[in-house]
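What you are looking at is a predicted structure, and each value in this text was computed from that prediction instead of being measured. Order of appearance sets the numbers: ligands from 1, and atoms from 1 within every ligand.
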Amino acid sequence: MTVNITSDTNIRSFLTNVGLITSNGPFGHNIMACEWTHQISYDPALIALAIRNHKATFQNIIQSKEFGVSIASVDQIILSSVAGNRSGKDVDKIKMLEELGFHFSPAKHIDALMVEGACMNAECQLVQTIDIGDHPLLIGEIISLREIDAEPVVYNQGKYWSKGERLSKPGEAVLTRIRKLHEKYKK
Ligand SMILES: Cc1cc2nc3c(=O)[nH]c(=O)nc-3n(C[C@H](O)[C@H](O)[C@H](O)COP(=O)(O)O)c2cc1C
């Protein structure tokens with residue numbers, strides 16, 4: 001049995017970051033929004049992106065073998081929307097965004113721009129491409145990392161959200177019960 005999911009009937013439960021993926025290649029300096037941006041290993045430090053292969057970003061990365069990942073902050077939803085709704089094949093999104101007041105700076109170890117004011121800037125070297133499903137995986141090793149104290153925007157059901165409040169831990173009575181159950185069902 002198979003399940004068919006489209007962007008219109010997407011799973012509602014996943015909450016993600018928005019990765020702002022920067023690259024340089026046949027389409028020049030470019031940026032796209034990528035909700036499927038995930039850390040998948042500590043050592044080596046790896047980030048996986050799932051990006052359709054016809055996108056300018058995908059083609060830039062395949063050619064240059066490197067990319068930048070900036071995690072969008074709550075102040076960058078306009079940036080995300082511009083980067084995620086038009087292609088670097090048709091328009092210079094970097095210039096558009098600069099004119100809208102966003103700033104980029106050159107990465108230190110790769111030939112790409114990094115987004116200023118993002119929560120995280122990671123410079124990555126492409127280590128593996130996995131051609132699976134309709135969004136091939138691009139796996140990059142982080143060669144330089146910087147985090148700033150900004151709040152990451154949350155993406156869910158095609159909308160932007162803020163993180164909200166931290167939930168409180170269960171009380172001592174519940175924790176004691178869990179400890180007892182652990183003892184009872186120990187293998
Ligand atoms: C918030 C957001 C998240 C997105 N996430 C992805 C994603 O994970 N993978 C993908 O292939 N496209 C994703 N997109 C769509 C691309 O950003 C969009 O197709 C973009 O125009 C590609 O740009 P490019 O052709 O310049 O690379 C997303 C769009 C938005 C607005």
Can you tell me the protein heavy atom closest to [atom] and the distance?
atom: atom 5 (N) of ligand 1; answer: E35 N, 2.8 Å
atom: atom 25 (O) of ligand 1; answer: S87 OG, 2.7 Å
atom: atom 8 (O) of ligand 1; answer: W36 N, 3.0 Å
atom: atom 10 (C) of ligand 1; answer: M32 CE, 3.6 Å

Using every non-hydrogen atom in the two residues, find where [X] and [Y] come nearest and quote the distance to one decimal.
X: I61; Y: S23; value: CG1-CB, 4.1 Å
X: I71; Y: A118; value: O-CB, 3.3 Å
X: H135; Y: A50; value: CD2-O, 3.6 Å
X: Y155; Y: W161; value: C-CD1, 4.4 Å
X: E116; Y: Q76; value: O-NE2, 3.1 Å
X: N30; Y: G88; value: OD1-CA, 3.5 Å

Numbering as shown, the atoms of ligand 1 that approach A56 to under 4.0 Å (heavy-atom distance):
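Per the distance check, 24 (P), 25 (O), 26 (O), 27 (O).
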Taking only heavy atoms of N30, which atoms of ligand 1 are found under 4.0 Å from at least one of them?
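Going through ligand 1 atom by atom, the ones under 4.0 Å from N30 are 24 (P), 26 (O), 27 (O).
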From the options [options], select the one whose nearest heavy atom is closest to [atom].
atom: atom 2 (C) of ligand 1; options: S23, G19, A33; answer: A33
atom: atom 31 (C) of ligand 1; options: S7, G84, A50; answer: G84
atom: atom 23 (O) of ligand 1; options: K55, K159, K93; answer: K93

Interatomic distance, [X] atom [atom1] to [Y] atom [atom2] [nearest 0.5 angstrom]:
X: E98; Y: L100; atom1: CD; atom2: CG; answer: 10.5 Å
X: M32; Y: N85; atom1: CE; atom2: CG; answer: 10.5 Å
X: Q125; Y: I142; atom1: CD; atom2: CD1; answer: 12.0 Å
X: L97; Y: I78; atom1: CG; atom2: CD1; answer: 10.0 Å

Hey, does [X] sit under 4.0 Å from ligand 1 if you only count heavy atoms?
X: F58; answer: no
X: H54; answer: no
X: S81; answer: no
X: G158; answer: no

Looking at ligand 1, does any of its N/O atoms fall within less than 3.5 Å of an N/O of [X]?
X: R52; answer: yes
X: V18; answer: no
X: I51; answer: no
X: T57; answer: yes
X: K89; answer: no

At under 4.0 Å between heavy atoms, is it the side chain or the backbone of [X] that contacts ligand 1, or both, or neither?
X: R86; answer: backbone
X: T37; answer: neither
X: Y155; answer: side chain

Take atom CD in Q63; do more than 12 heavy atoms of anything else shown fall under 6.0 Å from it?
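Counting other residues, nucleotides and ligands, CD of Q63 stays at 12 neighbours or fewer.
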Option from E183, R179, R177 for which side-chain contact (heavy atoms from CB on, under 4.5 Å) with L181 holds
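Passing option: R177.
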